[in-house]
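Below is one structure, written out as structure tokens; comments come after it.
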Amino acid sequence: MEYDFRQIEKKWQRTWKQTGAYTVSNDNDKPKFYVLDMFPYPSGAGLHVGHPLGYIASDIFSRYKRLKGFNVLHPMGFDSFGLPAEQYAIETGQHPSDTTEKNIQRYHQQLDNIGFCYDWSREVRTSDPSYYKWTQYIFLQLFDSWYNRILQKAERIAILTAIFEKEGNVNLPAPGNKDLAFTASEWTTYNEKTRLNTLMQYRLAYLAYGEVNWCEALGTVLANDEVVNGVSERGGHPVVKKKLHQWYLRITEYGDRLLQGLEQVDFSDAMKDMQRNWIGKSQGAEINFTLTPPSPRRGEGPGKHPYEDEKTLISEIEAKEKRPGQGYADYKVFNEMSFENANENRANPTEAEHVLWNALKNKGTGFKFRRQHPIENYIADFVCLNVWLIVEIDGAYHNRPEQKDIDRKRDEDLQKIGFKTLRFTNDRVLQNIDGVLEEIRKLCEDQRSNRITNDHTGENDDQRQSADGPSPLRGEAGVRVYTTRPDTIFGVDFMVLAPEHELVKQITTADQQKEIDDYLNYVQTRSERERLAEVKSITGAFTGAYVSNPFDGREIPIWISEYVLAGYGTGAIMAVPCGDQRDYNFAKHFNIPITNIIGDAYNGEEANPTKDATLHNSGFMNGLVMRDAMPVAIDKIEELGIGKHQVNYRMRDAGFSRQRYWGEPFPIVYKEGIPYPLTESDLPVELPYVDSYGPGPEGEGPLANLKDWVLLPSPVPGEGPGMRETNTMPGYAGSSWYFLRYMDPHNQKTFVDRKAADYWGQVDLYIGGTEHAVGHLLYSRLWTKVLCDLGYIGFDEPYKKLVNQGMIQGSSRFVYKLVVKKSNEDRDQIKQRVISEIFYSLSYYLEFKQGRLKDDDLMVLLNQVSGGKAYNLIPRNENFSIDIVPIHVDVKYFDGVELNIEGFRKSKSEFTEAIFVPEKDGKYLSGAEVEKMSKSKYNVVSPDDIVERYGADTFRMYEMFLGPIDQSKPWDTKGIEGVHRFLRKFWRLYVDEVKGLIVTNEEPTPAELKVLHRTIKKIEDDTGRFSFNTAVSGFMIAANDLADLKCHKRAILEPLLILITPYAPHIAEELYQMLVVSSSLSPGEGRGEVPEGRGEVSVLNATYPTLEEKYLVESSKEYPLSINGKVRSSLTLPLDMPQQEVEAQVLENDVVQKWLDGKAPKKIIYVKGKMINVVT
RNA sequence: GCCCGGGUGGCGGAAUUGGUAGACGCAGCAGACUCAAAAUCUGCCGUCCGCAAGGAUGUGCUGGUUCGAUUCCAGUCCCGGGCACCA
């Protein structure tokens, strides 16, 4: 009886399906084990042989664990929302749900062919409303949560509002806006809109107006990890920054926990490093350097204020006003004098100011005002810092046209910083103080709402990176920097601001204005891509302004440069050229003198970023090692009140909206611009069916075109109309929690029952590719932590162990085509002309490229194979030259590297008449190269073809045999023969072609038992450590040994079947059934066909054989006998022989005597059970 | 540039704690069976010298530690992956 894998595999796949062999119960006494694959996106191309690698590994492990007595959950599903289906829909007009369904069918079939043990009754599809209902539900939970930094966990919004009512937000600075501050009583005065806007600054899923990665070609925004080198990860389209209203997940709040969680999970170091890198936590200090007034000493003269010329005018007016000096103060350039002026003015208010102040100071508006308060370059009459509102009272001179310009400029300047100015005339204040107050109050409220909502400015939004609450000193004049090296503060030689930094326009001196403007222009004209593509060049400009070093008072010039990013830290750095290479390069380029604070450690030619040098020129820190100086510096900085210890993260909050159709709709409705969550009973918000997938108006998604769907007459009974959110969720939404749904896939009440979640718990083994290191894995970890904090599940890391499978690369094949070029023309104009399809075999190509074959030689060869027609085929004259170029050919036309010429001829009409110049032995050989498997390289191998030709068991074992699971390796179809031969050999241990089953009940010999138990040990060890390739070789060795021993004994062969079941389940089941139905055997007796439908006894549920060490115990060992470390001979000795006797035996050995040549050895090294070495 | 991996026959790879380098398989060569083919089986298979016995050499390169190094240490080159002006 032959090994008929086709019939066997089909039969058992059918049987297992019928008997529900893979159905898993949540109610089981056995210990649980959860094995998960990263579920696939069902693409139109189907699976290639690279995809199942991880699935096979997890399948083997699942089956192994099941045989070892575990209740194993091993599910599969589809990540079926996503861009490609939509792109395909745009191109072909087919609805994504149709193509997705079709693709899933195909995947199903392909996966089933390979014989995986998935419990398909638990299948999930992220695009199925019954699934995404719960994705939407979890989104609502994120929306209804905030991160309590004190308790380090997510809590419900209701808890937050309760706290606000009690104590305002003094202890809970808003992560979305660190300048937001209000008291309990202020909170109680807030209207609904203000409250909701305030809460939005805390929610874990929040809406904000911010800079996003906009991809025009895809018509959507992309998350940071979906942008690679300034272009989209999918498709490589350009990505630009754009400001849009977007949903975000506040992942930055979880930065620390995501970092700490890595300590508890078993991921590869590379994977952990990638995540740590992405999170990018750094410790340092934020320091404020105060601006120094322009000083004549520097020979630049005082910075000339644009309105200095107005002095005459002013004095004129002053004479008429009641208070001399006041007018001038308005335009005074900011310096220390401002404070004096302010104090002076407070003492001398005008009458109108006095009246208004009395009304404002006892909170007549409900908002706190200050008077005569310096703000940047100006002094405001009245200001409410909470809502950024300035109130000015204007005297008569403000009516003059010149003054109006000045006022407008002033208002604009303040507007740029964020202040709104409200102006009243003296008369109005004096005549209608109540009306003025009401107007101020109203504007305050508006300002408050606006400020709360509009503060998410994407990349410029530094508050989202700082976990430590509000930063000091806003509005105080100075340059705030973030540094990880406060110990180097005495080495600061200049400051650098990002070009976009808000201070730039305020501090630039008149002299430097042009230079700065030119530089800003230059920066603006450069796209993101240019900046990235360009080799780092040193550019920058000097602002003309200075700060002083708080420790030694040194004046430090302020520069701007592209190399400082607006989006990280404070957007400004203190440059220490002796310790930072970029600062060094910048200093050299612009001739800025460098201060050395590390003595000999600095060689003057490059920066030295060491932390181990001793500090010089560093005031009170002199003599300290830098590493130790850091806390000293921070303490001092905090003591002086000029800064504080600060933790920064590189990671940004995750954008959560896409302007696409094929994704989860948001369960959100807008009323008067405010987003409201729908209730659970409104879920799922089903994705409406559309016919066109074009973008909506103003960067909105396709859903915005569905007016009927968008407009809700009355979202909540008894309330006004609302508009649906038209964005959809990104690809990672559904995949962030799918592992939970498998545990309880049909639950209608909740996304996973707590009992089911408690039973299955963490995924014990997760297998997938490294490409999800910072995307899916990080988001999935975040969701798990939130759901754990909120009490839905009892663990906060989803995946206990992660194994990354490597890529299977394609092996491309080339043929070498002759082309004729016109050679006497410009390079660009060379016209390639194909006279006929002529292909040279590999060796000619190589020799031609090495110059060992010339054009004429090629012609001679061609003449031979074409029967003397070469010169008819290729018209030759001196204007032409010939060349050979490699072209990709589909691997299916090759047997190894030999071309199947007939098959190739048939593949395309132009090849039918092709001429081949073969090697001397008549074979046409191709070139081969290892490349990524892809359609365009014609090197894709489909698992379907392989399974059809060799069977699923062979395919499974071969994929494992290729090499270590986590390594990338090329596919080589030829090599599969070896594994297939092995399985046939394995089969022949049990079944004879003629006699049928030949398994006997004879007693096994010690040698046979040794083979079995050695194999048990090997397979258990190797499977346990995911070394599947060596396990397969272990099976081969066992089969070879047993065949040599002519062993056909049931006592050996039955346990062996169970061992191989995880790897090759079909053949194992077939043979097992034969053995089971023939319980008493004599030689030659055996059943042939095994009937279908026998589910009650199955090798899938057999008991795993137990290793018995006693069969492996050896009494003697053949030792390698080496002399001076080189093996010269071997010597078999009993293992229990004492050392002295061993040494005596060794000395008697002929080979040893020969090498000793009569001399006594210096030493004999004897390692019991390992080796013997004689040292002469 | 920084951070991780990795360099072993013609090829995929093995050597789990420092102890016989090249398991297992592919490809190749020689042979058996066969009218023939397929299938199967046997032998050889890192390189160099040698008929052989045997010897020399050999895990990217240069050193070191050790009785003994693919394995540990230092330096260096190359390949792959990740991050990339992150202060």
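- The gap from the C1' atom of U66(B) to that of A53(B) amounts to 33 Å, rounded to the nearest Å.
- For the OP1/OP2 pair of G25(B) and a distance below 4.0 Å, the side-chain nitrogens and oxygens of N1040(A) include at least one atom meeting the criterion.
- Between the side chains of Q581(A) and N585(A), a donor-acceptor pair is found at a separation under 3.5 Å.
- The separation between I1123(A) atom CD1 and G19(B) atom C1' is 15 Å, rounded to whole Å.
- The side chain of K1018(A) lies closest to U16(B), out of U40(B), G13(B), U16(B).
- Between the side chains of R813(A) and S811(A), at least one donor N or O sits under 3.5 Å from an acceptor N or O.
- Counting only N and O atoms by type, the side chains of T1176(A) and N1124(A) include a donor and acceptor under 3.5 Å apart.
- Taking every side-chain heavy atom of I1037(A) into account, A23(B) is the closest of C83(B), A23(B), C41(B).
- Of the P atoms belonging to U8(B) and C3(B), the separation is 24 Å, rounded to the nearest Å.
- Taking atom C1' on both nucleotides, G82(B) is separated from U71(B) by 27 Å, rounded to a whole Å.
- The nearest whole Å value for the distance from the CG atom in D972(A) to the P atom in C24(B) is 19 Å.
- A centroid separation of less than 6.0 Å is found between the aromatic rings of F586(A) and F494(A).
- Distance, D966(A) CG to G6(B) P: 9 Å, rounded to whole Å.
- By the rule that a glycosidic angle within 90° of 0 means syn, G9(B) counts as syn.
- Pairing of G25(B), defined by two Watson-Crick or G-U wobble distances under 3.5 Å, is identified with C11(B).
- Here the separation of C67(B) from U62(B), taken at their P atoms, is 23 Å to the nearest Å.
- Residue W987(A) is classed as having no contact, given no heavy-atom separation below 4.0 Å to the nucleic acid.
- Side chain to side chain, Y924(A) and N900(A) fail the donor-acceptor criterion of an N or O pair below 3.5 Å.
- If you take CZ of F267(A) and P of G82(B), they are 18 Å apart, rounded to a whole angstrom.
- Side chain of L565(A), nearest nucleotide from G82(B), A87(B), G25(B): A87(B).
- Between U40(B) and R984(A), a contact under 4.0 Å exists linking OP1 or OP2 to a side-chain N or O.
- For T1030(A), taking side-chain heavy atoms from C-beta onward, the closest of the listed nucleotides G12(B), A14(B), G19(B) is A14(B).
- Taking only side-chain nitrogens and oxygens, Y482(A) never comes nearer than 4.0 Å to OP1 or OP2 of A87(B).
- For the P atoms, the distance from C2(B) to U76(B) is 11 Å, rounded to whole Å.
- Base pairing of A32(B) is made with U40(B), judged by Watson-Crick or G-U wobble geometry with both donor-acceptor distances under 3.5 Å.
- Separating the CH2 atom of W1155(A) from the P atom of G54(B) is a distance of 12 Å, rounded to the nearest angstrom.
- Heavy-atom nearest nucleotides on RNA chain B were determined for M271(A) and for K974(A), and the one closer to the 5' end corresponds to M271(A).
- In this entry the distance linking CZ of F586(A) with P of A87(B) reads 18 Å, nearest Å.
- Looking at heavy-atom distances under 4.0 Å, D583(A) makes no contact with the nucleic acid at all.
- Counting non-hydrogen atoms under 4.0 angstrom, S282(A) reaches the backbone sugars and phosphates but no base.
- For R276(A), no side-chain nitrogen or oxygen approaches OP1 or OP2 of C2(B) to under 4.0 Å.
- Under the Watson-Crick and G-U wobble criteria, each requiring two contacts below 3.5 Å, nucleotide U65(B) is left unpaired.
- Under the Watson-Crick or G-U wobble criterion, with both distances below 3.5 Å, U47(B) is paired with A56(B).
- When heavy atoms are screened at a 4.0 angstrom cut-off, D273(A) is found touching the sugar-phosphate backbone but no base atom.
- A cation-pi arrangement is absent between R650(A) and W278(A) under the rule of less than 6.0 angstrom and at most 45 degrees off the ring axis.
- Remark on RNA chain B: of its neighbouring residues R988(A) and D1021(A), the 5'-side contact belongs to D1021(A), judged by nearest-heavy-atom nucleotide.
- Counting non-hydrogen atoms under 4.0 angstrom, D269(A) reaches nothing in the nucleic acid.
- Residue E1118(A) is in base contact, counting any heavy-atom pair closer than 4.0 Å across all strands shown.
- Listed nucleotides G19(B), G12(B), C26(B) differ in distance to R981(A); the shortest reach to its side chain belongs to C26(B).
- Side-chain contact annotation: Y1119(A) with T1132(A), donor-acceptor N/O pair under 3.5 Å absent.
- Pair assignment for G80(B) gives C4(B), based on Watson-Crick or G-U wobble hydrogen-bonding distances that are each under 3.5 Å.
- Side-chain atoms of N277(A) lie closest to C83(B) of the nucleotides A87(B), U57(B), C83(B).
- In this structure, of G55(B), C83(B), U57(B), it is G55(B) that holds the atom nearest to the side chain of R1128(A).
- Within 4.0 Å (heavy atoms only), I1165(A) reaches at least one base atom of the nucleic acid.
- Rounded to an integer number of Å, the gap from M626(A) CE to A87(B) P is 15 Å.
- Looking at the side chain of F961(A), the nearest of the listed nucleotides C24(B), A87(B), C41(B) is C24(B).
- Residue N1029(A) places no side-chain N or O under 4.0 Å from the OP1 or OP2 atom of G12(B).
- Remark: Q967(A) is not in phosphate contact with G6(B), judged by side-chain N or O atoms under 4.0 Å from OP1 or OP2.
- For the C1' atoms, the distance linking G25(B) with G80(B) amounts to 25 Å, nearest Å.
- With 3.5 Å as the limit, one finds no donor-acceptor pair spanning the side chains of H1013(A) and E1109(A).
- Distance from the side chain of N1173(A) is smallest for G19(B) among the nucleotides A87(B), G19(B), U20(B).
- Rounded to whole Å, the P atom of A74(B) lies 32 Å from the corresponding atom of A23(B).
- In this structure, the CZ atom of F982(A) is 14 Å from the P atom of U40(B), given to the nearest Å.
- Separating the C1' atom of G64(B) from that of A56(B) is a span of 24 Å, rounded to the nearest Å.
- Neither side chain, T539(A) nor Y563(A), offers a donor N or O lying under 3.5 Å from an acceptor on the other.
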